[in-house]
Amino acid sequence: MNTRRDFLQKMGASVLMLKLGSISAFANAPDEVEQPYEGRILNVAIMGLGGYGTRVAEAMKACTKAKLVGVISGTPSKIKEWQTKYNLPEKNCYHYENFDEVKNNPDIDAIYVITPNALHHNQVIRVAKAGKHAICEKPMALNAKEGQEMVDACKKANVKLLVGYRMHFEPRTLEVIRMRNAGEFGKVMFFQGQCGFKIGDPSQWRLNKALAGGGSMMDIGIYAINGARYMVGEEPVWVTAQETKTDPVKFKEGVDETIQFQLGFPSGAVASCLSSYNINYLDRFFMSGDRGFAEMQPSTGYGPIKGRTHKGELTQPVTTHQTVQMDEMATIIFEDKKPVVPVNGEEGLKDLKIIDAIYEAVKTGKKIILRA
C-alpha cells in the first residue's frame, strides 16, 4: 500500500509540476499573445464612394489603428446608404460643394480621396486648406506640375500627403526588396513589368481623357513604373516609349490603349514594361541579377500576391492590402514612421515625372532624359 501511495503521490506531484511549468512558460512568452492596440486611432472620411472606395471601406473594418468615420460624395443616395451600412454620424457626411466645412470637425483626421484622377489636384488642395491630412489614390495627379502644387499645399498647411501605394506594405513584395537590399540577387541587371487587362464599359470615366488624363498608363502602367523603382532600388535616368492603338473608337485621342516603355538606371540596369487596356492576363514582375532572380505573378492585384525567387517560393503571410495600408498610414501620420518604401507626396511626384516623360517619348519618338 505504501508503495502504491508513494507512486500516486509522486505522479500527482509530477502532474502538478507539469501544469505549473506550462503556466510559467505561457507567462514568460508575452510575444505569443498579441497585445491590443492602445494608441491614437486615425479617423478617416472617404471621398468618392465608387468601387474602390467600397473596397477600402470594407477592408477598414479589420483595421486596429484606423477607422472609417465619414464620407464625402456628390450622390446623396450613396451618402445615406453608407451612413446606414457603416453607422456614420450625419455631422461627418459632406458633399463636394461643402466639404471645406470639415475644418470645423475635430472628429475627422484625414480624408482619403478616391475620385477620378482629374479631381485629385483640386480636392487634395482643399483638404489641405481645411487642415486635414490627405490620402490620395494614384496617380496622385494628371501631371508633375499638378503633383508639385499638391505637395506644396500640404507642406504649407502642415499636413501630410500620402498616396495609396498599397504594394509598399505587401509582405511578399517587401521580402523581395529585403533580399535585394541584402545583395541576394547580386547586381540587378533587368526588370520587366507587365500590367494589362481588357477594359469593359467604353463610357466609364477611365476612358475619358478629361477625367482620367490618359488611358492604361494612368491606371495600371503606374504599377510597372513604381514597381521598377522599388524592385531595382534606383531612380531611372532615361525613358523611351511606343504606343500601339488597334481600336481608335474605344480609345479616343489622348486615351492610350497599349504603351511599351523602357527605363534606364544609373547602375546600367534596364527595364522593359508594358501597360495595356486591351490585353488580358498581364500582372507580372520579373527581376534578374547576376546572382539570382525574383518573379511575381500576380504582382500587383488585390491578392493574393504570388512569387518565387532563385531560393524558392515566397511564403510570407497573405494580407488584405488596404487593411494593412490604412493601419500603416496611421502610424506614419501620428508617429512619423518611415516605411521601407515611401508613400508620401514626393514618391507620387516621382512617378508623375516619369509618366510625363513616357507621354513625351511616345509623342516625339525620342529618348527622354529624366532630371531629379
Side-chain angles (χ1 to χ4, degrees), residues 115-122 136-151 163 190-199 202-229 232 234-266 268-279 282 285 300 345-372:
T115 54
N117 305 338
L119 306 181
H120 294 177
H121 172 259
N122 178 259
C136 184
E137 251 317 294
K138 59 193 176 305
M140 190 172 76
L142 295 186
N143 52 59
K145 179 180 180 295
E146 285 190 356
Q148 185 65 63
E149 290 170 356
M150 294 158 71
V151 169
V163 185
F190 175 72
F191 172 83
Q192 184 179 55
Q194 300 173 334
C195 302
F197 65 92
K198 280 184 174 287
I199 198 164
S203 66
Q204 64 180 284
W205 70 262
R206 287 179 177 83
L207 296 177
N208 180 333
K209 187 180 188 303
L211 289 175
S216 68
M217 179 58 58
M218 300 297 287
D219 184 21
I220 52 176
I222 191 171
Y223 282 109
I225 294 170
N226 196 248
R229 292 175 50 235
V232 174
E234 299 180 58
E235 296 301 327
V237 292
W238 58 260
V239 60
T240 54
Q242 308 81 37
E243 180 179 7
T244 301
K245 186 172 292 193
T246 63
D247 186 349
V249 175
K250 188 172 187 178
F251 304 101
K252 296 178 174 58
E253 182 68 26
V255 179
D256 46 283
E257 175 187 325
T258 300
I259 291 182
Q260 299 175 76
F261 61 96
Q262 303 78 40
L263 304 171
F265 297 88
V270 293
S272 176
C273 303
L274 183 145
S275 169
S276 180
Y277 265 165
N278 204 28
I279 305 173
L282 293 180
F285 285 174
T300 63
E346 287 80 3
E347 177 78 1
L349 185 57
K350 290 176 181 178
D351 283 343
L352 290 174
K353 289 178 178 178
I354 296 170
I355 289 176
D356 285 353
I358 288 171
Y359 282 134
E360 185 180 352
V362 165
K363 184 177 180 180
T364 64
K366 296 179 179 179
K367 175 189 281 191
I368 306 301
I369 304 302
L370 295 166
R371 294 175 176 82

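Please read all numbers here as calculations on a predicted model, not as lab measurements.
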message: Are M140 and D351 packed together at the side-chain level, in the sense that at least one heavy-atom pair is separated by less than 4.5 angstrom?
response: no
query: Do you know the tightest heavy-atom contact between K353 and A144?
result: CG-CB, 3.7 Å
message: Are the side chains of N226 and K138 in contact, using a 4.5 Å heavy-atom criterion?
response: no
field: Neighbour count above 12 (heavy atom, 6.0 Å) for K245 NZ
entry: yes
message: Side chains of Q262 and V270, heavy atoms from C-beta outward: is any pair under 4.5 Å?
response: no
- prompt: Where the side chain of D356 meets the backbone of N143, is there a donor-acceptor pair that is under 3.5 Å apart?
  reply: no
message: How long is the straight-line distance from CD of E149 back to NE2 of H121, given to the nearest 0.5 Å?
response: 4.0 Å
- prompt: Quick one: does N278's side chain have a donor or acceptor within less than 3.5 Å of a partner on T246's backbone?
  reply: no
message: Could you measure the distance from the CG atom of L370 to the CG atom of L263? Nearest 0.5 Å is fine.
response: 7.5 Å
4.5 Å side-chain heavy-atom contact, H120 and E146: no
query: When the ring planes of F251 and Y277 are compared, do they come out parallel, tilted or perpendicular, using 30° and 60° as the limits?
result: parallel
- prompt: How long is the span from the CD atom in E243 to the CZ atom in F261, to the nearest 0.5 Å?
  reply: 13.0 Å
- request: For S216 and E257, work out which heavy atoms get closest and say how close.
  value: OG-O, 3.3 Å
field: K209 (side chain) donor-acceptor with K252 (main chain) under 3.5 angstrom
entry: no
